[in-house]
Amino acid sequence: GGHGEGQLHHRAPGPGLLDSVRQFVKNVRQLEMPIDVVVCNAAVYQPTAKEPSYTADGFEMSVGVNHLGHFLLARELLSDLQSSDYPSKRLIIVGSITGNTNTLAGNVPPKANLGDLRGLAGGLNGVGSSVMIDGGEFDGAKAYKDSKVCNMLTMQEFHRRYHEETGVTFASLYPGCIATTGLFREHIPLFRLLFPPFQKYITKGYVSEDEAGKRLAQVVSDPSLTKSGVYWSWNKNSASFENQLSEEASDAEKAKKLWEISEKLVGLA
């Protein structure tokens with residue numbers, strides 16, 4: 001990648017992303033409360049960025065926060081979840097339709113594509129390798145979508161590796177297009193103005209923050225949503241259903257490879 005010249009200059013100040021995740025886990029354990037459900041919902045979306053920004057660890061920001069931070073947090077808290085006596089333990093990562101290329105929204109360019117993961121294997125740092133997972137040129141919107149494919153692949157790999165042994169339900173979900181949240185704060189003002197009415201009246205994909213919260217709450221606690229390894233979505237009548245993942249987002253080989261590279265990057269291998 002040609003983005004490496006000022007690498008040290010664009011590192012975020014302060015503790016690294018991975019350090020802050022580990023510190024959070026320590027803080028949570030000091031509370032000595034049982035952990036029954038974990039929901040990973042942080043997201044960075046930089047669709048108009050011309051240049052990548054980086055976490056203090058040196059990872060491209062969207063994939064660093066949305067995937068690697070979640071991967072480490074989920075792995076660290078799995079043992080805590082496992083030791084809870086709650087009958088319906090769950091680990092959930094919020095996915096997105098935009099990473100799922102078998103949908104209309106997922107086909108809006110730039111489309112998600114992890115390729116052979118060569119950029120991720122190189123550390124996404126723009127020095128020895130590309131800042132994009134597939135090794136391509138930086139594209140902020142694609143980086144976000146790619147990170148969401150990682151979230152969905154990660155949940156399936158968790159399911160395959162740990163569901164039987166731990167009894168934890170692993171799921172991802174797309175709660176709908178919450179067009180008014182802070183997720184779009186980095187977008188151009190015209191987009192922010194037009195996107196909510198477009199979703200409300202044209203695509204009918206709009207979901208209020210309140211409704212999206214109810215949907216997340218279902219995946220957290222509804223007795224009928226205990227199936228593991230599922231990607232949940234909702235129809236126009238707000239009824240949940242098991243959504244089909246795109247070919248890439250359900251590729252078991254890719255999920256395994258993603259898991260192994262991610263383990264190395266976050267220091268778990």
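These figures come from a predicted structure and were not determined experimentally. The basis for the numbers below is simple: all heavy atoms, side chains too, and nothing from hydrogens, waters or symmetry mates.
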Over 12 non-hydrogen atoms of neighbours within 6.0 angstrom of CD in Glu165
yes
Atom CZ of residue position Arg118 - does it have more than 12 heavy atoms of other residues, nucleotides or ligands inside 6.0 Å?
no
For atom NZ of Lys256, decide whether the heavy atoms of other residues, nucleotides or ligands shown that lie under 6.0 angstrom number more than 12.
no
Does Ser84 offer a backbone N or O that forms a donor-acceptor pair with the side chain of Lys89 under 3.5 Å?
yes
Does OH belonging to Tyr162 count more than 12 external heavy atoms closer than 6.0 Å?
yes
Looking only at heavy atoms, the pair that brings Gly136 and Ser130 closest together is O-OG, 2.7 Å
Any donor-acceptor pair under 3.5 Å from Asp57 side chain to Phe59 backbone:
no
If you measure from CG on Leu18 to OG1 on Thr55, what distance do you get to the nearest 0.5 Å?
6.5 Å
Taking NZ, NE, NH1 and NH2 as the nitrogens, is one of them in Glu157 or Arg161 under 4.0 Å from a carboxylate oxygen of the other?
yes
Quick one: are Val63 and Tyr144 in side-chain contact, heavy atoms under 4.5 Å?
no
Report yes if the side chains of His70 and Val65 come closer than 4.5 Å at any heavy-atom pair, otherwise no.
no
Rounded to the nearest 0.5 Å, how far does CD1 of Ile133 lie from CG of Asn113?
10.0 Å
For Ser172 and Met155, indicate whether the former's side chain and the latter's backbone hold a donor-acceptor pair under 3.5 Å.
no
Looking at every non-hydrogen atom in both residues, tell me the closest pair between Ser129 and Gly119 and how far apart they are.
OG-O, 3.3 Å
Between CG of Leu114 and CE of Met132, what distance do you get to the nearest 0.5 Å?
9.5 Å
Rounded to the nearest 0.5 Å, what separates atom CH2 in Trp259 from atom CD in Glu263?
6.5 Å
Is the shortest heavy-atom distance from the side chain of Val168 to the side chain of His163 under 4.5 Å?
no
Considering non-hydrogen atoms only, spot the tightest contact between Ser53 and Gln46 and give its length.
OG-OE1, 3.2 Å
Steps toward side-chain contact (heavy atoms from CB on, under 4.5 Å) verdict (Thr169, Leu91)
CA-CA 6 Å; Thr169 291; Leu91 174 61; over 6 Å; no
Stepwise, does the side chain to side chain donor-acceptor pair (under 3.5 Å) test hold for His67 with Ser147?
CA-CA 6 Å; His67 166 58; Ser147 75; over 6 Å; no
One pair to check against side-chain contact (heavy atoms from CB on, under 4.5 Å): Cys40 and Ile93. What are the steps and the verdict?
CA-CA 5 Å; Cys40 298; Ile93 296 185; 3.9 Å; yes
Does Asn27 form a side chain to side chain donor-acceptor pair (under 3.5 Å) with Gln23? I'd like the steps, not just the answer.
CA-CA 6 Å; Asn27 295 348; Gln23 187 57 53; 3.0 Å; yes
For the residue pair Gln156 / Ser250, report whether a side-chain donor-acceptor contact shorter than 3.5 Å exists.
no
If we ignore angles and hydrogens, is there a donor and acceptor under 3.5 Å between the side chains of Ser62 and Glu60?
yes
Leu81 and Asp36, any side-chain heavy atoms less than 4.5 Å apart
no
Going through the checks in order, is the side chain to side chain donor-acceptor pair (under 3.5 Å) test met by Arg90 and Ser88?
CA-CA 6 Å; Arg90 305 183 195 188; Ser88 186; 3.0 Å; yes
When rounded to the nearest 0.5 angstrom, what is the spacing between CG in Leu258 and OG1 in Thr154?
5.0 Å
Are Lys145 and Lys111 close enough that some pair of their side-chain heavy atoms sits under 4.5 Å apart?
no
Please tell me if the side chains of Leu268 and Leu72 come closer than 4.5 Å, counting only heavy atoms from C-beta onward.
yes
With a 4.5 Å limit on heavy-atom distance, are the side chains of Leu153 and Val149 in contact?
yes
Donor-acceptor pair, side chain of Asn66 and main chain of Val44, under 3.5 angstrom
yes
Would Asp134 and Lys142 pass as an ion pair if we require N to O under 4.0 Å?
yes
For Asp19 and Arg22: C-alpha separation, side-chain torsions, deciding distance, then whether side-chain contact (heavy atoms from CB on, under 4.5 Å) applies.
CA-CA 5 Å; Asp19 287 342; Arg22 291 188 188 97; 3.7 Å; yes
Between Phe158 and Leu78, does the side-chain contact (heavy atoms from CB on, under 4.5 Å) criterion hold? Intermediate values first, please.
CA-CA 10 Å; Phe158 260 113; Leu78 184 60; 4.1 Å; yes
So do the side chains of Lys254 and Glu248 get within less than 4.5 Å of each other, counting heavy atoms only?
yes
CG of Asp146 to CG of Asn151, rounded to nearest 0.5 Å, is 11.0 Å
